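Since the model is a prediction, treat every value here as computed from it, not as a measurement.
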Amino acid sequence: MQLLNAAPEGVLDLNEVSRKLGARKRRVYDITSVLAGIHLLKKTSKNKIQWMSSTPLSSFGSQWSPKAKAELLHLKSTEEALDWLIKDCAQQLFALTDLKDNADSAYVTYEDICQIDVFKDQTIIAIRAPEETKLEVPTPTEESIKIHLKGSRGPIHTLTCETEGPGDAEDSTNTESKLTKSDCFVSLEESRIQTQPLVPDVSNTVAAVQSA
């Protein structure tokens, strides 16, 4: 806001913002995209923005209270910590998968998945696809959840499994549970998930539809 207020004719270069704030361009562009989306500013070119709100920029100067500044600093440190954790996890994952000695152990079992609490009583979809495969999830409706898979560099292999919650595992007389759940991975064709081609006669392009 201060940079915008001081910019000649109210036009600000985003490269200058990134340099002066010590922030990555991607972060700056994310912020300006949000502000443009709610019509507070507009892009005059690829790298330049201009304030367009009826509220003058000067009115924002007194709103940065010590509490707000402290919260911003806390959020910034949290973001940096999360960025470091993501980078560290990615490096560990790459190091693990690049070791040939680990190739024979690079799998998970149905029992492994069932032991993960967040997957309890869920339909799990496992996808093995070639590079550049695109996965799209349209906005869910009350009737169904749709998943679109699009690929052109090889076949897409998809498996599903139904995990049981604690109650289902104990109730061996639950007929409905027996009919709709399997204790192993099954193909889409064998599962209760409905499928249909996104493009006719293209075997490696599929749409998976899960009823609510």
Side-chain angles (χ1 to χ4, degrees), residues 24 26 30 75 77-212:
R24 285 173 288 181
R26 183 170 61 86
D30 287 344
L75 289 173
S77 63
T78 302
E79 181 183 38
E80 291 175 349
L82 290 173
D83 285 342
W84 181 87
L85 285 172
I86 292 171
K87 182 179 179 180
D88 183 59
C89 289
Q91 290 176 341
Q92 291 187 46
L93 181 61
F94 288 136
L96 183 65
T97 55
D98 285 345
L99 292 175
K100 294 182 179 180
D101 294 341
N102 293 326
D104 292 339
S105 301
Y107 64 88
V108 293
T109 66
Y110 173 80
E111 289 74 17
D112 292 333
I113 291 179
C114 287
Q115 290 177 10
I116 302 175
D117 289 339
V118 295
F119 289 159
K120 292 291 186 182
D121 203 24
Q122 300 289 327
T123 298
I124 310 302
I125 303 176
I127 300 168
R128 185 176 66 185
E131 293 182 0
E132 299 183 11
T133 298
K134 294 182 179 180
L135 185 151
E136 299 175 352
V137 183
T139 303
T141 65
E142 293 184 359
E143 290 77 22
S144 66
I145 299 173
K146 296 183 179 181
I147 299 174
H148 295 172
L149 287 170
K150 301 177 183 178
S152 59
R153 301 189 62 178
I156 299 174
H157 300 285
T158 308
L159 298 173
T160 71
C161 71
E162 303 280 344
T163 62
E164 294 184 343
D168 295 324
E170 295 173 1
D171 186 4
S172 59
T173 62
N174 191 329
T175 305
E176 183 180 355
S177 176
K178 290 181 180 180
L179 292 174
T180 60
K181 295 191 176 184
S182 173
D183 59 353
C184 62
F185 291 98
V186 297
S187 66
L188 282 177
E189 292 75 17
E190 296 172 313
S191 72
R192 60 176 179 166
I193 296 177
Q194 303 172 20
T195 64
Q196 64 184 42
L198 290 175
V199 179
D201 301 326
V202 179
S203 60
N204 61 338
T205 302
V206 301
V209 183
Q210 176 182 342
S211 299

Could you list the residues that satisfy side chain to side chain donor-acceptor pair (under 3.5 Å) with Asp117, not counting sequence neighbours?
->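 Testing Asp117 for side chain to side chain donor-acceptor pair (under 3.5 Å), a comparison that skips the adjacent residues, returns none.
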
Quick one: list whatever passes salt bridge (charged side-chain N to carboxylate O under 4.0 Å, His left out) with [X], sequence neighbours left out.
X: Glu190; result: none
X: Glu80; result: none
X: Asp30; result: none

CD/Glu162 to SG/Cys114 distance, rounded to the nearest 0.5 angstrom?
->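 Between atom CD of Glu162 and atom SG of Cys114 there are 10.5 Å.
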
Thr158 OG1 to Leu149 CG distance, which is reported to the nearest 0.5 Å =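 Atom-to-atom, Thr158:OG1 and Leu149:CG are 5.5 Å apart.
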
Could you give the side-chain donor-acceptor pairs of residues 86-94 under 3.5 Å, partners two or more places apart or in another chain?
from, atom 1, to, atom 2, distance (Å)
Asp88, OD2, Gln92, NE2, 2.7

Side-chain donor-acceptor pairs under 3.5 Å in residues 131-140, sequence neighbours left out?
from, atom 1, to, atom 2, distance (Å)
Glu132, OE2, Arg153, NH1, 3.2
Thr133, OG1, Pro130, O, 2.7

Taking every non-hydrogen atom, the tightest pair across Val108 and Phe185 |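 Looking at all heavy atoms of both residues, the shortest contact is O-CE1, 4.2 Å.
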
So, for Arg24 and Asp83, which heavy atoms are closest and what is the spacing to 0.1 Å?
->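 So the minimum-distance heavy-atom pair works out to NH2-OD2, 3.0 Å.
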
